[in-house]
2 protein chains.
Amino acid sequence: MEKYKQILFERGIKPTFQRIKILEYLDKNHSHPTVDMIYAALYKKVPTLSKTTVYNTLDIFRKYHLVDVLTITESEIRYEYIIQPHHHFYCRQCGKIIDLDVTCVYQEEMCVEGHRIESIHGYFKGICSECLLKAEHANS
Amino acid sequence: MEKYKQILFERGIKPTFQRIKILEYLDKNHSHPTVDMIYAALYKKVPTLSKTTVYNTLDIFRKYHLVDVLTITESEIRYEYIIQPHHHFYCRQCGKIIDLDVTCVYQEEMCVEGHRIESIHGYFKGICSECLLKAEHANS
DNA sequence: CTTGACTTTGTACTTATTTTAAATTATATT
DNA sequence: AATATAATTTAAAATAAGTACAAAGTCAAG
């Protein structure tokens, strides 16, 4: 708790109980959760929590570059605690989103074709290694 | 019209009037339109058109790899006629989505970190060259 | 023609997100 | 400590995007 209180305080975000809890959740769960996932998980411990608060808090966190928004899927918006820039892999079999340790050539550049780059999102889709292995076993 | 009828026929999609019109629109407007944009534009010429038809048609086109879905923005789903793989730039100033002529190192590879790649989407965000120029002029 | 499969249409429904306003909590002032 | 002020949280209502489904329309094959 103290750790997250500190992080919020340093960024100039008033460290309320709800905000601390949401930040803690994001730090401890690198599952790229949706608003609902965060809400459902925290509601158990904080039954007064409102979904609006989750929306508001994530908006604030985003404004202060504490979280990033992933639109890798068409139907969901997912959030992640920013640690360092990386790309993502979405497995259409199991639905998991996996952090990739690849960086783009343009990650260090400021520009592409005259446009000023402020952020880059690389979304890879396909079948993850785990699901590939399972399929292999099934065929032998 | 004949051109699009042909394209649909070749892919095994029954070339109905609505489908031809939607495909024609996508080919002639590389603006990465939303469902609403497509609907609004075509409604003028085809007043009986239903929005459900636009959704259905785009789903079919996607299944047959005629169109690709962009989730570069959080609030909108945008569609584009597939010509060749490329990445996209979103300008937060003017809202335009610009095709980039850059290809990823992994574009030719089949794999990243053991996962099988089926598609790659590279989303760059920032300020486009046009808006940068405008801002420069304003400051001089 | 008539049949049957497919397509289109419009309405109703579901669900995610935003808005709004009241209630609560925290902070500052006297 | 009491009161005023501001910020935050909450719940409910409004909005909007997308989906499901049944009815009507289209069209080619027999």
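The figures here come from the full heavy-atom set of this structure, side chains too, leaving out hydrogens, waters and symmetry mates. Within every chain, numbering begins at 1; the chains are lettered A, B, ... in the order of the sequence lines, protein sequences first and strands thereafter.
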Tell me, with the steps shown, if B/Leu66 and B/Leu8 meet side-chain contact (heavy atoms from CB on, under 4.5 Å). CA-CA 9 Å; B/Leu66 268 174; B/Leu8 292 173; 3.9 Å; yes
Take B/Tyr90 and B/Tyr123 through the ring-ring contact (aromatic ring centres under 6.0 Å, His included) test and state the conclusion after the steps. CA-CA 7 Å; B/Tyr90 172 76; B/Tyr123 296 143; 9.8 Å; no
Please tabulate, for side-chain N and O atoms in residues 37-49 of chain A, each donor-acceptor pair with protein atoms closer than 3.5 Å (sequence neighbours left out).
none

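Taking every heavy atom of residues 2-12 of chain B and every atom of DNA chain C, no pair lies under 4.0 Å. Of the residues in residues 18-33 of chain B, those lying under 4.0 Å from DNA chain C by heavy-atom distance are B/Gln18, B/Arg19.
Contacts classified as salt bridge (Lys or Arg N to Asp or Glu O under 4.0 Å) and involving residues 68-88 of chain A (residues at least two apart or in different chains) are given here: A/Glu74-B/Arg62, A/Glu76-A/Arg78. The salt bridge (Lys or Arg N to Asp or Glu O under 4.0 Å) analysis of residues 25-39 of chain B, with sequence neighbours excluded, yields the pairs B/Lys3-B/Asp27, B/Glu24-B/Lys28, B/Asp36-B/Lys51. Pairs engaging residues 118-135 of chain A under the salt bridge (Lys or Arg N to Asp or Glu O under 4.0 Å) rule: A/Lys96-A/Glu130, A/Glu118-B/Arg92 [sequence neighbours left out].
One distance of note links CD1 of A/Ile60 with OG1 of A/Thr57; it measures 5.5 Å at 0.5 Å rounding. Rounding to the nearest 0.5 angstrom, the gap separating the CD1 atom in A/Ile117 from the CD atom in A/Glu108 is 10.5 Å. Atoms OH and SG, on B/Tyr106 and B/Cys111 in that order, are 11.0 Å from each other to the nearest 0.5 Å. A/Leu23 CG to A/Leu58 CG: the interatomic distance, rounded to the nearest 0.5 Å, is 10.0 Å. Here the straight-line distance linking atom CD of A/Glu10 with atom CD1 of A/Ile13 works out to 11.0 Å at 0.5 Å rounding.
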Within the 4.0 Å limit for protein heavy atoms, which parts of nucleotides 14-21 of chain D are touched? Write it as a string from 5' to 3', B for base, S for sugar-phosphate only, - for none. ---SBBBB
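Applying the side chain to side chain contact (heavy atoms under 4.5 Å, CB included) criterion to A/Thr103, with sequence neighbours excluded, gives A/Gln107. Under the rule for a side-chain hydrogen bond (donor to acceptor under 3.5 Å, both in side chains), the partners of B/Asp99 that lie at least two apart in sequence or sit in another chain are B/His32, B/His86, B/His88.
Using a distance-only test at 3.5 Å, with no hydrogens or angles considered, a donor-acceptor pair links the side chain of A/Arg11 to the main chain of A/Tyr64. A side-chain donor-acceptor contact under 3.5 Å links A/His115 to the backbone of B/Ser129.
A 4.0 Å heavy-atom criterion places the boundary nucleotides of DNA chain C facing chain B at C/dC6 to C/dT11, written 5' to 3'.
Here A/Thr53 lies in heavy-atom contact (under 4.0 Å) with a base.
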Could you write out each protein N or O paired with an N or O of nucleotides 24-26 of chain D at a distance under 3.5 Å?
none

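End-to-end axis angle for the helix from C/dC1-D/dG30 to C/dT30-D/dA1, using five pairs per end and rounding to 10°, comes out at 10°.
Judged by distance alone, the side chains of A/Glu2 and A/Gln6 never bring a donor and an acceptor atom under 3.5 Å apart.
Distance A/Phe17 CZ to D/dT9 C1': 13 Å, rounded to the nearest Å.
Cluster annotation: B/Val105 and B/Ile120 are assigned to the same hydrophobic cluster (Ile/Leu/Val/Met/Phe/Trp/Tyr, side-chain heavy-atom contacts under 4.5 Å, transitive).
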